[in-house]
Every structure is written in structure tokens, then in C-alpha cells.
2 protein chains.
Amino acid sequence: MSAEPRATYRHGDLRAALLAAGMDLARDGGPDAVVLREATRRAGVSPNAAYRHFADRAALLAAVSDTAQGLVADRMEDELSAAPDPPDAGTRARRRLRAVGTGYLGFAQEQPGLFRAAFFVPGDLSQAFSPAKAGRAGRSPYQILSDVLDELVAAGALAPERRPGGEFLAWSAVHGLATLVLDGPLRGLTDELIAGARERLLDMVDRGL
Amino acid sequence: MSAEPRATYRHGDLRAALLAAGMDLARDGGPDAVVLREATRRAGVSPNAAYRHFADRAALLAAVSDTAQGLVADRMEDELSAAPDPPDAGTRARRRLRAVGTGYLGFAQEQPGLFRAAFFVPGDLSQAFSPAKAGRAGRSPYQILSDVLDELVAAGALAPERRPGGEFLAWSAVHGLATLVLDGPLRGLTDELIAGARERLLDMVDRGL
DNA sequence: TTTCGATGTGAACGCCGTCCACAATGCCAC
DNA sequence: GTGGCATTGTGGACGGCGTTCACATCGAAA
């Protein structure tokens, strides 16, 4: 889709094409690989054309980041759907919180480039609840986490006075571990070892929230 | 120290000068601001001269990162020295673990640029125990954390079977929170609010380790 | 004193993000 | 229809970057 010149002068949906190209670049290479000129090249368009749809490279990267966060949300929703449904509401809610963390960390392992693009872009977490970051189900990763914490309170598994700010505790733990797996001492470990670390970390959150 | 030409053809200690310039760049601007050409400019030297001392920009950045981690270590040691010494060994050890986390997060707030350069450089965490990352006291941030966890076990405040991998749990939590404070929803909050989140997070680690 | 490795210089290459002026296009009012 | 106009794409240029190659300069060892 890049070699032959377009039939029409107009492209059709250049914004979407640039975003798709940006996603491809991010997939193998992370945020630094999202290069404006290369994205236009892949879309079969001159470099400047990008500026009709994105203010600058940072804007394109932000769009890529938002889209990638949507994929993370999907991965989390998948894990939620697959989670078993124990009868007791409390253990069910706690199980669902684990599923959310598992989905987040699973995505980090399976799609390191996109994960980096999603969460290692300075400032792009500031409006974590923006609908631009939502997945198919319409919820952003933060919203999913937030909702599961509400379930925890509703099920009586988390004291209401501990609820406020719970997102920050849970997210901190899980995101920190993702960093260790991607760039730190846990890099390159076998899936089993990483799964072990994950379970221990989720235990910590479960116990300490 | 940049304008007037050098008296001698040789620079003296160009490596150190480039590293110092790199640290200055990182201090305000983070890792992306560590630009090879600018560092040589500040050292009063042609761009290529840098290649006699660093293989490429990544090598310079890695040196900056290591040095910055040494500063983080210093900040942690300071907090450790300032920590009160309760009589009970167990509560003392737990107090010291808190101090380590407090120092880490304090540095992140006080020196965001250097903190980013220290910990937001892909791959530079892989050998976390390298002496290049040590502070004045000769310990890297990871070593400090590791030692405090050992103290916890020695004091009987942590079951020995929970000890292995404890670094990953504690570090994950604290580093994740630092990310939220620097780039996420907690950015720009008052110091009191951030301190509140910090204490809650350290509670979680304390309880859940 | 000569030689030689280590260190710094100059010029160049290709890549990047971005800006400006201009061309092609689709659409809407008349 | 047709003329005008906002939208979208092009071409060319600028400065900055990392990096390489050939060359100059120096200090120290032979």
C-alpha cells in the first residue's frame, strides 16, 4: 500500500492511514520509532501532508498512544471475561482485580512496543479517563481498574474509606513491574518466572490495598 | 567555560566534561535532552571529539543514567541516616524500608529530569547492581533496597521464604508511583497530596510484602 | 629524536521535524 | 453551470541531529 502512486489527488482518509502507520512503527520499536516522515512515506504522501491532520509529531504520537491504550483496555476486558466466577461476591471481585492486572501485564509482554507507546509517553497519562483511550467496550484502562475497585467495595471486600486513590496504588504496582519486565532485571526471564513475580505482586496488592 | 578557546590542544578531561554537560542537560529536560552535539559545545570541543570517549550517544546517555542513579542512591542514604531509630528491631527495619522508598520518591519530585535520566532509559536497569550506579556510600539504589530487605528478615519482620524477589515488589510499587507523579494523573498535585499517596503506597508495601 | 598511539578537527552524509509558498481538489452559493 | 473558497496535498528549503572518514596535533615511549 505504499509503492504505487494514488489514483486521486486526495488520499481518502489520510489521518487514519497515518495513525495506522504510526501503530505499525510503534509495534516494533516503541514510541521513539514513531517517525513522522516514515509514517507519511508508508501512507504514500509527502511529509507535510501530515500537518493537515496532526499539529506535529507529538500529536501523532499522542494519537498512537491513545489507540494503544485502547488495545490494552481490550486485553484487560478479555481477561475479565475469561475470569472464573466464584459464588462469593468478595472473592469474585478480588479475582476480577487480579484479572485486570494480569491483562495489563500480559499486554506488556506480548506487545512491548505498543505497551511502551501506550504508557511511556510523557504526559499522555494526565487525562487517563479520556474516551480516546477507550477500547471496544468504551472504557479506558483506568476506567476498567476504577470500576473493578468499585466492585470490590460493593462486594464488601474493600473498606469504603480505603477506596479513594486505590487506582494509584494498584496501577503503581502493576506498572512498575511491567517496567522491570521490559527494561529491568526481569527482562528476558522465562514466562514462568515472570508469572511467578506477577502473582506475588498481585498478592501484595490484594493484601495491602 | 564554553566561550573562550582552550589554551592547549588537549582538553584535559573531556570525558568528565561531557558527562557533566550531559548531567546538566538531563537535569532540565530529562534523557531526551542529552544531546551529543550540545554536550560537546558546552565542553568547547568539536562534535566528533565525543567519539573518543563514548561509543555513541547511547553510551553517553548510559553514563549519565548511571551517574544519576548514584545521586538517587545518595538521596536514599540521606533518608536512611535521618530515619529515627526505634528500639524494636522489627519496627526499625520497617522504618528503614519506608525511608528508602521516601528517598526514591523524594528524588523523583525534586529532580524530575535527573530521575527520568536515571530510570526512564530503556535497558539501563538490566544490571541494576553495577557499581557504576553506586552513590558515595558505594551502594546502588537496588543494593540499598536489597540490604534493607535483608535487615527486615534479620529483624524477624519478614519471613525468610518471602524474601526472594522482594526487591521487585517494593521497587515496582515505588517506581510506578513515581511515574504517576511525573507523567500521570498525580502530576502537579500539592506536596501534601503526593505525600499522602506515598504513605498509603508504603503502607501497602509494608502490609503486602 | 623519532615514532606512534591517543586525542581533537573539518567536512560531509543522510535523516529528522518543521515552515513557507503554491497547486489541486471538492463543494457550495449564485 | 460556474465562480469562489476552504481543504488537502506538493515542492523546496532550513537548521539540527548522530555518525563517519580523512587528517592534524600532541605526549610519551623507544
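Per chain, numbering begins at 1; letters A, B, ... match sequence-line order. Computed from a prediction, not measured in an experiment: that's the story for all the values here.
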Under 3.5 Å, sequence neighbours excluded: what are the donor-acceptor pairs made by side chains of residues 30-40 of chain B?
residue, atom, partner, partner atom, Å
B:E38, OE1, B:R41, NH1, 2.4
B:E38, OE2, B:R42, NE, 2.9
B:T40, OG1, B:R37, O, 2.6

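Taking the ring pair (Phe, Tyr, Trp, His ring centres under 6.0 Å) definition, one finds that A:F119 meets it with A:Y104, A:F115, sequence neighbours left out. When the side chain to side chain donor-acceptor pair (under 3.5 Å) test is applied to A:R187, the partners found at least two apart in sequence or on another chain are B:S126. Partners of B:E77 according to the side chain to side chain donor-acceptor pair (under 3.5 Å) rule, which considers only residues two or more places apart in sequence or in another chain, are B:R139. Every residue two or more places apart in sequence or in another chain was checked for a side chain to side chain donor-acceptor pair (under 3.5 Å) with B:R57, and none qualifies.
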In B/S/- notation (B base, S sugar-phosphate only, - none; protein heavy atoms under 4.0 Å), nucleotides 25-30 of chain D written 5' to 3' is BB----
Across nucleotides 16-22 of chain C, 5' to 3', mark each nucleotide with B, S or - according to how protein heavy atoms within less than 4.0 Å reach it. BBBBB--
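The phosphate of C:dA6 (OP1 or OP2) has no side-chain N or O of B:H53 nearer than 4.0 angstrom.
Listed by first then second residue, pairs satisfying ring-ring contact (aromatic ring centres under 6.0 Å, His included) with a partner in residues 176-209 of chain A number zero, not counting sequence neighbours. Within the structure, ring-ring contact (aromatic ring centres under 6.0 Å, His included) contacts touching residues 17-48 of chain B (residues at least two apart or in different chains) do not occur. Sorted by first then second residue, the salt bridge (charged side-chain N to carboxylate O under 4.0 Å, His left out) pairs that include residues 104-116 of chain A, not counting sequence neighbours, are A:R75-A:E110, A:R116-A:D183. Counting only residues at least two apart or on different chains, the salt bridge (charged side-chain N to carboxylate O under 4.0 Å, His left out) pairs with a member in residues 119-134 of chain A are A:D66-A:K133, A:D124-A:K133.
Non-hydrogen atoms lying under 4.0 Å from DNA chain D are contributed by nothing in residues 13-26 of chain B.
When rounded to the nearest whole Å, the span between CZ of A:F54 and P of D:dG9 equals 12 Å.
Taking 4.0 Å as the cut-off between side-chain N and carboxylate O, A:D206 and A:R95 do not count as a salt-bridged pair.
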